[in-house]
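Have a look at the structure below before the remarks.
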Amino acid sequence: MKKIVLIIGLGLLVQLSFAGGGWPSPKGKGYFKWSQYVIRSGSYYAPNGEIIDIATASVYITSLYGEYGLTDKLTVIGYVPFFSRATLNEQVDANGNQIAPGDAVNSFGDTDISFKYGLITNKPVVMSASVTFGLPFGNDAGGQTGVLQTGDGEFNTMISLEASRGINQGKGYVNTLLAFNKRSNNFSDEWRWGVEVGHSLTSRLSGALKVYSVNSFNNGSDVETPSNGIFSNNIEYLAITPELNYRIKQSFGLSTAVGFAASGRRVLASPSFSIGLYLTI
């Protein structure tokens, strides 16, 4: 049986990093979102960056995301994947004989808690600093095979800086991100960068394009060989995610996104899809 290594978080990591940009939420105000995420793929970016065929694998994540202003400068942010499902298709030969059985795991997922502080506010260019704690609540050895996972079993701490600017008289914005992710359990540390551009298209419809890059320092164990089922060590990718948001009511709307891995190492080589409902208060 082929051992597969999946990444379930392309679109989710982008969402977590860019939801508020450099602007902290005002005191008592917030943004909350329910999302359904899915990726299904029979191809994979190998450690050398080439795309290879694998047994078809799927991941489904139902999550809640929220950010709330504790003060005008301090925002608490949470990402909670309360249901995660990973599956591996049955493998058969040309005659229909089973080579390997299918497999699946259902569980809670790894959770992120962040605190964002506004360093520069009420200026044309705003800036904030955040610390994110990755909590290993997921299953790191699921299914009958033990290779399906909804978490990586490691605690991580990420420090990030975000700078943002409104454009076109407030109808649009530009966000930038730079981050360092410190990982435990012999996982390699990472550095990340991102750029997001968004703009109102109509009075109810807005769009955004997000580019997000994860890069490994290769300072952990198993530098060349994937070893962690879903959450491999030394994952790298460049994700491009267009997103559309439709405002149904003044504070309620629908969000859709498609995430593409333009390049990568140890990640699935197929688009991810997500749909969500958001609420602002």
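Only this structure's heavy atoms are used, side chains among them; waters, hydrogens and symmetry mates stay out.
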- Query: Within a reach of under 6.0 Å around CG of N122, are more than 12 heavy atoms found that belong to other residues, nucleotides or ligands?
  - Reply: no
- Task: Check for a donor-acceptor pair, side chain of R204 on one end and backbone N or O of I248 on the other, with a separation under 3.5 Å.
- Result: yes
- Do S164 and W23 have a side chain donor and acceptor closer than 3.5 Å? no
- Message: Checking Y212 against R192: is there a side-chain donor and acceptor pair closer than 3.5 Å?
- Response: yes
- Query: Do I167 and L201 belong to the same hydrophobic cluster, where Ile, Leu, Val, Met, Phe, Trp and Tyr are linked whenever their side-chain heavy atoms lie under 4.5 Å apart, directly or via other members?
  - Reply: no
- Message: Can a donor-acceptor pair be found, under 3.5 Å and without considering hydrogens, that links the side chain of N185 to the backbone of G153?
- Response: yes
- Residues E67 and K116 bridged, charged N to O under 4.0 Å: no
- Query: Is S25 reaching over with its side chain to a backbone N or O of Y68, donor-acceptor style, under 3.5 angstrom?
  - Reply: no
- Is any side-chain heavy atom of V214 less than 4.5 Å from a side-chain heavy atom of E236? no
- Item | Polar side-chain atom of D110 near backbone of G138 as donor-acceptor pair, under 3.5 Å | yes
- Given L148 and L88, is the side chain to side chain contact (heavy atoms under 4.5 Å, CB included) satisfied, shown in steps? CA-CA 8 Å; L148 296 178; L88 175 63; 4.2 Å; yes
- Query: E196 and N175: side-chain donor and acceptor closer than 3.5 Å?
  - Reply: yes
- Query: Do T150 and S107 meet the criterion of a side-chain donor-acceptor pair at a distance under 3.5 Å?
  - Reply: yes
- Message: Any donor-acceptor pair under 3.5 Å linking the side-chain atoms of S213 with those of N215?
- Response: yes
- Scan side-chain atoms only and decide if S255 and K33 contain a donor-acceptor pair under the 3.5 Å cut-off. yes
- Do the side chains of V211 and L238 get nearer than 4.5 Å, heavy atoms only? yes
- Item | Residue pair Y278 / F32, side-chain heavy-atom distance below 4.5 Å | no
- Could you check if a side-chain atom of I159 sits within less than 4.5 angstrom of a side-chain atom of S130, using non-hydrogen atoms only? no
- Keeping the roles fixed (side chain from T71, backbone from K73), state whether a donor-acceptor pair exists under 3.5 Å. yes
- Distance in Å, M127 CE paired with R165 CZ, rounded so as to fall on 0.5 Å steps: 13.0 Å
- Any donor-acceptor pair under 3.5 Å linking the side chain of N89 with the backbone of A57? no
- Query: If only atom types and distance count, is the side chain of S184 paired as donor or acceptor with the main-chain N or O of F155 below 3.5 Å?
  - Reply: yes
- Could you tell me whether the side chains of T62 and Q36 share a donor-acceptor contact shorter than 3.5 Å? yes
- Message: Just by distance, no angles: are the side chains of S188 and N218 close enough, under 3.5 Å, to form a donor-acceptor pair?
- Response: no
- Message: Side chains of F83 and S63, heavy atoms from C-beta outward: is any pair under 4.5 Å?
- Response: no
- Residues D189 and K182 bridged, charged N to O under 4.0 Å: yes
- Query: Has the side chain of Y65 got a donor or acceptor atom that lies under 3.5 Å from a matching backbone atom of P81?
  - Reply: no
- Message: Side chains of V131 and Y117, heavy atoms from C-beta outward: is any pair under 4.5 Å?
- Response: no
